[in-house]
Amino acid sequence: MANFATLYTDALDTELGSNDSAVLFTTARRKHVINEGQRQFADLTECVIKQSSIAVSSSAREFNMLSTAVLTGSSVAAFLRVSEQGPVYLVSDSNGTLQTIAGDDFPERDVAWLDAAQTGWRSTNTGTPDSWYMRRDAGALYFGLSCPANVSTAETAELLIPYVVNPSSMTASTDVPFAFAGVQRKDLQPYHQALVHFGASELEKLRKDPEASDRQLQKFLGYVQRYIAAVKPKGAKSLRQQ
């Protein structure tokens with residue numbers, strides 16, 4: 001398993017063909033590009049996802065995903081977007097789960113689509129949401145329901161929202177990529193080299209060598225595609241009638 005120091009020193013030395021860490025490829029630059037590679041890999045692959053459970057009260061409709069009232073402080077800083085996995089709307093009572101809405105029954109729509117296809121969706125009439133949307137408003141990013149939730153006093157409703165995480169920067173020499181609260185993602189070990197290729201691509205720009213930069217970027221993207229292919233469901237896929 002490669003640690004931070006190995007990635008920004010020996011591994012980058014090999015790709016750059018240089019052990020310079022004081023003139024062009026300074027230690028600070030080396031550290032920065034490795035951390036940026038980690039962020040880019042997480043963004044492109046959605047390899048790091050967290051799930052937030054958000055309580056939904058009756059008549060509630062929108063939740064600011066950049067607010068500590070919805071996500072904890074550290075999670076707000078890490079939030080990039082709702083993941084491809086998609087959200088789930090759950091309703092339960094004292095006897096257990098009554099209703100689960102997810103997948104094709106709970107698709108994402110944009111505001112323009114809702115305005116065109118669901119006249120009156122902006123009203124305050126409560127009901128069971130059948131889709132969700134994202135609405136951007138200055139410094140806020142709202143996750144919204146197609147209608148305000150109708151939750152009786154005997155029921156509890158919640159949203160389970162999986163979202164793509166922006167990993168924290170590595171700082172200590174012994175830090176390992178894609179580690180959270182001291183827990184290492186060992187399944188991502190084969191992809192640590194991707195960070196080195198991204199870093200080399202960025203540093204080659206300082207040498208004004210666009211061809212070398214592009215070669216390294218293509219190697220990085222190769223790791224991205226390799227990960228995406230590796231996590232695809234195995235076996236035959238079943239078709240569902242719409």
Side-chain angles (χ1 to χ4, degrees), residues 1-16 18-19 21 25-54 65-66 68 70-88 141 158-204 215-235:
M1 179 184 298
N3 61 29
F4 188 32
T6 300
L7 294 172
Y8 73 75
T9 57
D10 294 346
L12 264 180
D13 289 352
T14 300
E15 296 302 323
L16 295 169
S18 171
N19 62 1
S21 62
F25 307 136
T26 63
T27 298
R29 286 171 174 167
R30 286 167 171 263
K31 290 180 177 180
H32 171 74
V33 295
I34 291 297
N35 276 315
E36 184 60 24
Q38 180 182 222
R39 285 187 284 270
Q40 291 292 330
F41 191 84
D43 184 13
L44 293 173
T45 63
E46 298 197 1
C47 64
V48 184
I49 295 175
K50 287 187 177 181
Q51 180 170 273
S52 178
S53 175
I54 302 173
M65 301 304 295
L66 304 182
T68 54
V70 175
L71 300 178
T72 62
S74 60
S75 293
V76 168
F79 178 88
L80 286 178
R81 63 181 177 277
V82 177
S83 79
E84 185 180 3
Q85 179 180 324
V88 179
L141 179 62
E158 67 175 326
L159 280 165
L160 301 180
I161 302 182
Y163 60 94
V164 183
V165 171
N166 187 15
S168 299
S169 294
M170 293 176 282
T171 55
S173 295
T174 56
D175 284 348
V176 175
F178 310 111
F180 297 85
V183 178
Q184 300 174 1
R185 281 285 301 275
K186 294 183 179 179
D187 62 305
L188 294 177
Q189 287 182 33
Y191 307 97
H192 288 181
Q193 183 65 22
L195 283 55
V196 179
H197 291 304
F198 181 90
S201 174
E202 292 295 292
L203 293 177
E204 287 289 4
R215 283 197 301 271
Q216 292 290 347
L217 180 60
Q218 293 308 311
K219 290 179 180 180
F220 166 75
L221 293 175
Y223 274 90
V224 170
Q225 293 304 315
R226 173 181 161 187
Y227 176 84
I228 292 173
V231 298
K232 283 184 177 179
K234 308 299 187 293

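Computed from a predicted structure; not experimentally measured.
Heavy-atom minimum distance, L160 versus E158: CD2-OE1, 3.7 Å. For the pair S18 and D13, the tightest heavy-atom approach, listed with the atom from each and the gap, is O-OD1, 3.0 Å. Annotation for A2 and V176: closest pair O-CG1, 4.1 Å, computed over non-hydrogen atoms.
Taking the six-membered ring for Trp and thresholds of 30 and 60 degrees, F79 and Y163 have ring planes inclined between 30 and 60 degrees apart.
In terms of the ring pair (Phe, Tyr, Trp, His ring centres under 6.0 Å) criterion, residue partners of Y223 (sequence neighbours excluded) are, by chain and number, H197. With sequence neighbours excluded, the residues satisfying side-chain hydrogen bond (donor to acceptor under 3.5 Å, both in side chains) with N3 are T6. When the side-chain hydrogen bond (donor to acceptor under 3.5 Å, both in side chains) test is applied to Q51, no partner is found at least two apart in sequence or on another chain. Applying the side-chain hydrogen bond (donor to acceptor under 3.5 Å, both in side chains) test to R185 and every residue at least two apart in sequence or in another chain returns D187. In this structure, N35 has no side-chain hydrogen bond (donor to acceptor under 3.5 Å, both in side chains) partners at least two apart in sequence or on a different chain. In this structure, T9 has no side chain to side chain contact (heavy atoms under 4.5 Å, CB included) partners at least two apart in sequence or on a different chain. Remark: V196 pairs with L7, A11, L12, E15, I34, Q193 by the side chain to side chain contact (heavy atoms under 4.5 Å, CB included) rule, at least two apart or across chains. Every residue meeting the side chain to side chain contact (heavy atoms under 4.5 Å, CB included) condition with L44, not counting sequence neighbours, appears here in chain and number order: F220, L221, V224. E202 is linked by a side chain to side chain contact (heavy atoms under 4.5 Å, CB included) to V33, F198, K205, counting only residues two or more places apart in sequence or in another chain.
A distance of 7.0 Å separates CD in Q189 from NZ in K186, rounded to the nearest 0.5 Å. Atom OG1 of T45 is separated from atom CD of Q225 by 10.5 Å, given to the nearest 0.5 angstrom. We find the CG-NZ distance between L80 and K50 to be 11.5 Å, quoted to the nearest 0.5 Å. Remark: F41 CZ to H192 NE2 distance equals 9.0 Å, nearest 0.5 Å. R29 contributes atom CZ, which lies 16.0 Å from atom OH of Y8 (distance to the nearest 0.5 angstrom).
Within the 4.5 Å cutoff, the side chain of M65 has heavy atoms near those of the I54 side chain.
A donor-acceptor distance shorter than 3.5 angstrom exists from the side chain of Q38 to the backbone of F178, with no hydrogens or angles considered. Between the side chain of R81 and the main chain of V164, no donor-acceptor pair closer than 3.5 Å is present.
Applying the side chain to side chain donor-acceptor pair (under 3.5 Å) definition to pairs two or more places apart or across chains, those involving residues 165-174 are R39-S169. For residues 167-180, no pair satisfies salt bridge (Lys or Arg N to Asp or Glu O under 4.0 Å), with sequence neighbours left out.
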